[in-house]
Amino acid sequence: MIAETAPAKLNLALHVRARRADGYHELETLFVFARDGDRVTVTPASAPGFTVTGPFAAAVGPVADNLVTRAEAAFRQAFAPDAVHVVTLDKHLPVASGIGGGSADAAATLRALARLHGLPVDTPRLLTIAAGLGADVPACLLGRPTFGRGRGDALAPVAGLGDMPALLVNPGVAVSTAQVFAHWDGIDRGALALTGTTLERAIAGRNDLQPPAEAIAPVIEAVISRLSSAPGAVLTRMSGSGATCFALFHDAAARDSAAAQIAEAAPDWWLCPTTIG
């Protein structure tokens, strides 16, 4: 049995530069990863199986449409056609939430299968499989801070944040990525900074998908407002296409105080106090 964490992915900044002819968008983004997330377990077996547990198990789509099962099938086809696996997904991240839940799960599945079958995680064909599953999957497969270009899958390493305290907040609203991109106004507001520390580059940046996401789900503005007013918050922003937002703090006490205040004021919101590497 091999187990892999599928950590929450954050876009510290996300600049949308142009629509592409292939239907995707030209992006520039800073990927970082939390210490918390889902968990994927892969076990050799005599008969295939897929099970979902955890607080968000009911929100996972049909097996045929699940990125975990697609990742497992693509891995077998490429590397181990005679292998049989049972895969368990312990789902703790909300779905359709801008923190890469499905992509992280698919990437964790590929990492677990690679370990099980003795393959390096940076095997080129494995990275090709990841890219075929989704634009965020290659970054999630590598699982380290990166600067992403193109669809977000042309990756270059950047310095991490050194276990910086962070608070993730989701108001319980699932936002369609396709719908958010469709509402982007098409204006190129400029490049993401190429110099400075990762945190400095993030603070100088923006998330171009935040305004269209807020138009679709106005509660995102309320989340940002509460996070921005938290004492000690260094950077507050929406991640990905939403609706999860985050605040970074210099110390854990400020993060935990913010979490307690938000939990009292909005008990139905999902909160995840964590650290960002």
Side-chain angles (χ1 to χ4, degrees), residues 1-10 33-121 123 125-143 168 170 172-178 239-241 243-244 268-274:
M1 181 181 76
I2 301 290
E4 280 280 339
T5 300
K9 172 270 306 177
L10 293 185
F33 295 88
R35 298 301 183 197
D36 297 279
D38 299 333
R39 193 162 182 82
V40 175
T41 303
V42 175
T43 306
S46 57
F50 175 63
T51 304
V52 187
T53 61
F56 288 98
V60 175
V63 171
D65 295 327
N66 189 277
L67 276 176
V68 169
T69 56
R70 291 186 211 169
E72 191 273 340
F75 182 93
R76 276 192 295 105
Q77 183 177 9
F79 299 109
D82 297 326
V84 179
H85 309 112
V86 170
V87 182
T88 300
L89 170 61
D90 190 22
K91 188 70 181 163
H92 289 261
L93 301 177
V95 302
S97 60
I99 51 177
S103 297
D105 296 340
T109 302
L110 293 177
R111 285 198 306 273
L113 289 166
R115 286 175 56 200
L116 182 66
H117 293 277
L119 290 172
V121 73
T123 299
R125 194 171 180 187
L126 195 65
L127 288 166
T128 300
I129 291 172
L133 292 168
D136 285 349
V137 181
C140 292
L141 178 67
L142 298 176
L168 315 186
N170 184 283
V173 175
V175 180
S176 162
T177 297
S239 180
S241 57
T244 302
D268 293 333
W269 291 359
W270 175 82
L271 305 180
C272 180
T274 188

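What you see is a predicted model, and the numbers here were worked out from it, not measured in a lab. Because only heavy atoms are used, hydrogens play no part in the values below, and waters and symmetry mates are left out as well, while side chains stay in.
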What are the two closest non-hydrogen atoms of Ala6 and Ala104, and how far apart are they? CB-O, 3.4 Å

Nearest 0.5 Å please: distance from the CG atom of Asp105 over to the CG atom of Leu133. 12.0 Å

How far apart are the C-alpha atoms of Val87 and Thr69, what are their side-chain angles, what is the distance that settles it, and do they pass the side chain to side chain contact (heavy atoms under 4.5 Å, CB included) test? CA-CA 8 Å; Val87 182; Thr69 56; over 6 Å; no

List the steps, then state whether side chain to side chain contact (heavy atoms under 4.5 Å, CB included) holds for Leu127 with Leu142. CA-CA 9 Å; Leu127 288 166; Leu142 298 176; 4.2 Å; yes

Rounded to the nearest 0.5 angstrom, the OG1-CG distance for Thr53 and Leu89 is 7.0 Å

Determine the minimum heavy-atom distance between Ala106 and Ala71, stating which atoms define it. O-CB, 3.8 Å

Where is the tightest heavy-atom contact between Ser46 and Val84, given as atom of each residue plus distance? C-CG1, 3.9 Å

Of the non-hydrogen atoms in Thr274 and Arg35, which two are nearest, and what is the gap between them? OG1-N, 3.4 Å

Nearest 0.5 Å, what's the CD-NE2 distance between Glu72 and His85? 6.0 Å

For Arg39 and Thr88, indicate whether the former's side chain and the latter's backbone hold a donor-acceptor pair under 3.5 Å. no

Looking only at atom types and distance, does a side-chain atom of Arg115 sit under 3.5 Å from a main-chain N or O of Ala3, one as donor and one as acceptor? yes

Show the nearest heavy-atom pair for residues Pro7 and Thr5, with the distance to one decimal. CD-O, 3.2 Å

Find out whether Ile99 and Leu93 are in side-chain contact, i.e. whether some heavy atom of one side chain is under 4.5 Å from a heavy atom of the other. yes

Spatial distance of atom SG (Cys272) from atom CG (Asn170) [nearest 0.5 Å]: 11.0 Å

Side chain to side chain contact (heavy atoms under 4.5 Å, CB included) between Thr41 and Ile2, intermediate numbers included: CA-CA 6 Å; Thr41 303; Ile2 301 290; over 6 Å; no

Hey, does Pro273 have a side-chain heavy atom less than 4.5 Å from the side chain of Asp36? no

Heavy-atom nearest pair, Val137 first then Ala130, reads CB-O, 3.2 Å

Is it true that the side chains of Ser241 and Thr177 contain a donor and an acceptor less than 3.5 Å apart? yes

If we ignore hydrogens and angles and just use 3.5 Å, is the side chain of Asp38 paired with the main-chain N or O of His92 as donor and acceptor? yes

Describe, in one word, how the ring planes of His117 and Phe75 are oriented to each other, choosing from parallel (under 30°), tilted (30 to 60°) and perpendicular (over 60°). tilted

Rounded to the nearest 0.5 Å, what's the gap from CG on Leu168 to CH2 on Trp270? Could you check? 5.0 Å

Nearest 0.5 Å, please: how far is CG in Leu67 from CG in Leu110? 10.0 Å

Sidechain-backbone polar pair: Lys9 side chain, Gly98 backbone, donor-acceptor under 3.5 Å: yes

